[in-house]
Amino acid sequence: MDDSVKPERAAPASASPGQTPYSAWMRTDVLHSLQHPVSDHPGEHAWITSVQVSELYWMLIIKELRIAQAQLRANDLAQAIKTLQRVVAHHEPLNATWRSLAWMTPTDLLAILSRAVATFGKDTALQGWTYRQMVYLLGIKQGEHLQHFEPQPARWDQLNTTLHQPSVYDDVLGYLDRHGFPVPAAVFQRDFSQPYTPSKDVEKAWRDVYADPHQHLELQHLGETLADVAEGFSAWKHLHLMATRRTFGARPAYFGTEGVAWLVPTMAEIPFPELWSARGFIGDPPAACPHMHKQGGAQQ
Ligand code: HEM
């Protein structure tokens, strides 16, 4: 499925008159015609650039996640890990965009936002479809967010399709299941549009992947790369929350309730849940380990 907006014209086969090969390839004239400030605040350029760069990175991550899904389905684990490592790398510049906005005080933000509301109406970043597409692909499925896309029927359809499809995590679990780490059939037969319910059997599959430090190293590498992806994603959410505290405080936001209070619970939405919960017992000695009994006895 093509996630991107269809270009009006295909890229020219060669540089057209008035372009250099670089400008023709990178479409720099188009790119630099896309920033249209609505206020006279000098910082609005930084705001628009940061958000547009984030949009580009979210789309890049979407493309990478879809490539990783295809590679996992083709049982090409080495290439899937390589693709997911690129996702980890993309989170670095994405998350660094927050530095470009660190100068912003509440007065600065409101000067920009008030003009945006006056020009376009009441907005929320929840109306951004790239972020939601990425979140669905990471396996965090919340159908209620579709409501924001009713004015954009093509995007609503696209997100609704992704909501109903397996996420990258489902493809990872499919790979584990096909390679000696059984995952219950119910995990694959569920309604993918519903929030994922973690499974004890999936936890055990991850425990078994990590049980021996000398075996299944490629799968352990996959697990650690996924943990890095989840960390990059959660780091973005933390930086966003801190920027909101810094520039917005306890004001009511889009839903009329305190914006920070809306965001705080979303910090617990960490992708690949059993990869994390299994760490509560990965590496534990077997329950019947005599050494453990001895220690327990010594304490009594
Ligand atoms: C620094 C000033 C910012 C403030 C005060 C702020 C505030 C908020 C608030 C209150 C929400 C919750 C929904 C709502 O009430 O609208 C939200 C969600 C969101 N914002 Fe921001 N935001 C800021 C900057 C940004 C920027 C620069 C981006 C993009 C680069 C962004 C992307 C998002 C996204 C993707 C969500 C959805 C988060 C989720 O679903 O967990 N925000 N923001």
Side-chain angles (χ1 to χ4, degrees), residues 3 34-35 37-39 41 43-62 65 90-117 120-152 155 159 162-163 167 195-196 229-271 273:
D3 289 296
L34 296 177
Q35 293 81 36
V38 289
S39 72
H41 192 294
E44 192 183 343
H45 299 286
W47 173 268
I48 292 176
T49 303
S50 288
V51 176
Q52 289 186 342
V53 166
S54 305
E55 283 283 335
L56 290 174
Y57 272 107
W58 286 325
M59 176 55 76
L60 178 58
I61 292 170
I62 289 168
L65 292 176
H90 301 327
H91 272 100
E92 294 280 331
L94 169 62
N95 293 352
T97 56
W98 288 108
R99 290 302 303 150
S100 266
L101 298 178
W103 50 270
M104 216 164 46
T105 65
T107 318
D108 294 315
L109 178 67
L110 291 180
I112 298 168
L113 285 192
S114 61
R115 288 304 309 148
V117 172
F120 298 111
K122 191 177 171 190
D123 88 304
T124 165
L126 292 166
Q127 295 157 350
W129 58 268
T130 50
Y131 179 83
R132 197 57 52 197
Q133 182 91 328
M134 175 186 72
V135 168
Y136 285 169
L137 284 171
L138 289 174
I140 300 169
K141 299 290 188 74
Q142 295 156 332
E144 67 269 22
H145 289 303
L146 285 181
Q147 61 178 292
H148 299 291
F149 303 94
E150 275 156 21
Q152 270 185 307
R155 295 300 172 201
L159 281 172
T162 309
L163 179 70
S167 70
Y196 179 81
V229 170
E231 270 190 27
F233 173 73
S234 298
W236 185 92
K237 289 179 78 72
H238 171 73
L239 292 166
H240 173 260
L241 177 63
M242 292 310 286
T244 302
R245 289 191 195 284
R246 202 164 161 168
T247 58
F248 204 67
R251 283 163 223 259
Y254 185 73
F255 297 101
T257 53
E258 199 191 309
V260 170
W262 189 92
L263 288 169
V264 166
T266 74
M267 294 301 298
E269 293 162 5
I270 302 173

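We use all heavy atoms of the structure for the numbers below, so side chains are in, but hydrogens, waters and symmetry mates are not. Both counts, for ligands and for their atoms, begin at 1 and track the order of listing.
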Are any of the N/O atoms in T124 less than 3.5 Å from those in ligand 1? yes

Heavy-atom donor-acceptor pair, N95 side chain to L239 backbone, under 3.5 Å: no

Is it the case that the side chain of S234 and the backbone of E231 share a donor-acceptor pair, with hydrogens and angles ignored and the cut-off at 3.5 Å? no

Minimum-distance protein heavy atom relative to atom 26 (C) of ligand 1: W98 CH2, 3.4 Å

Which residue owns the protein heavy atom closest to atom 24 (C) of ligand 1, what's the atom, and how far is it? W47 CH2, 3.6 Å

My understanding is that we take every heavy atom of each candidate and find the minimum distance to atom 6 (C) of ligand 1. Doing that for L241, T244, L110, which one comes out nearest? T244

Counting only heavy atoms, which portion of R246 has something under 4.0 Å from ligand 1: side chain, backbone, both, or neither? neither

Per-atom contacts of ligand 1 with S54, taking only distances under 4.0 Å to non-hydrogen atoms: 30 (C)

For ligand 1, which atoms have a heavy atom of T266 less than 4.0 angstrom away? 41 (O)

Atoms of ligand 1 close to L101 [distance to a heavy atom under 4.0 angstrom, numbered from 1]: 27 (C)

Please could you name the atoms of ligand 1 that T247 approaches to less than 4.0 Å, counting only its heavy atoms? 1 (C), 2 (C), 5 (C)

Report the nearest protein non-hydrogen atom to atom 9 (C) of ligand 1: residue, atom name, distance rounded to 0.1 Å. L263 CD1, 3.8 Å

For ligand 1, the portion of Y57 having any non-hydrogen atom under 4.0 Å away: neither

What part of L109, side chain from CB on, backbone N/CA/C/O, both or neither, has a heavy atom under 4.0 Å from ligand 1? side chain

I need the contact type for T97 against ligand 1. Using non-hydrogen atoms and a strict under-4.0 Å cut-off, is it side chain, backbone, both or neither? neither

Return a yes/no value for S50: is any of its N or O atoms, backbone included, closer than 3.5 angstrom to an N or O of ligand 1? no

Residue portion contacting ligand 1 (non-hydrogen atoms closer than 4.0 Å) for L126: side chain

Taking the six-membered ring of Y196 as reference, does the cationic atom of K141 (NZ for Lys, CZ for Arg) lie under 6.0 Å from its centre and within 45° of its axis? no

Check: F248 and V260 side chains under 4.5 Å, non-hydrogen atoms: no

Out of M104, H240, H148, who gets a non-hydrogen atom closest to atom 21 (Fe) of ligand 1? H240

At under 4.0 Å between heavy atoms, which part of F248 makes contact with ligand 1: side chain, backbone, both or neither? side chain

Give the single entry among P265, A253, A125 that approaches atom 34 (C) of ligand 1 most closely by any heavy atom. A125

Between the NE2 atom in H240 and the OG1 atom in T266, the distance rounded to the nearest 0.5 Å is 8.5 Å

Has R251 got more than 12 heavy atoms of other residues, nucleotides or ligands less than 6.0 Å from its CZ? yes

Is there a side-chain contact between W129 and M59 (heavy atoms, below 4.5 Å)? yes

Counting heavy atoms only, which part of K237 comes closer than 4.0 Å to ligand 1: side chain, backbone, both or neither? side chain

Kindly indicate whether the side chain of W98, heavy atoms from C-beta on, has any atom under 4.5 Å from the side chain of M242. no

Y131 pairs by ring-ring contact (aromatic ring centres under 6.0 Å, His included) with which of Y57, W236, F149? W236

Mind checking whether R132 has a heavy atom under 4.0 Å from ligand 1? yes

Taking both backbone and side-chain atoms of W58, is any N or O found less than 3.5 Å from an N or O belonging to ligand 1? no

In the protein, what heavy atom is nearest to atom 12 (C) of ligand 1, and what distance, to one decimal place, separates them? W262 CE3, 3.3 Å

Distance-only, no hydrogens or angles: does the T97 side chain make a donor-acceptor pair with backbone N or O of L94 under 3.5 Å? yes

Tell me if a side-chain donor or acceptor on Q52 pairs with a main-chain N or O of L34 at a distance below 3.5 Å. yes

What protein heavy atom is closest to atom 38 (C) of ligand 1, reported as residue, atom name and distance in Å? Y131 CE2, 3.9 Å

Between I62 and L137, is there a side-chain heavy-atom distance shorter than 4.5 Å? yes

Do H41 and E44 pair up side chain to side chain, a donor and an acceptor below 3.5 Å, judged on atom types alone? no

Any donor-acceptor N/O pair, T124 side chain to Q127 backbone, under 3.5 Å: no

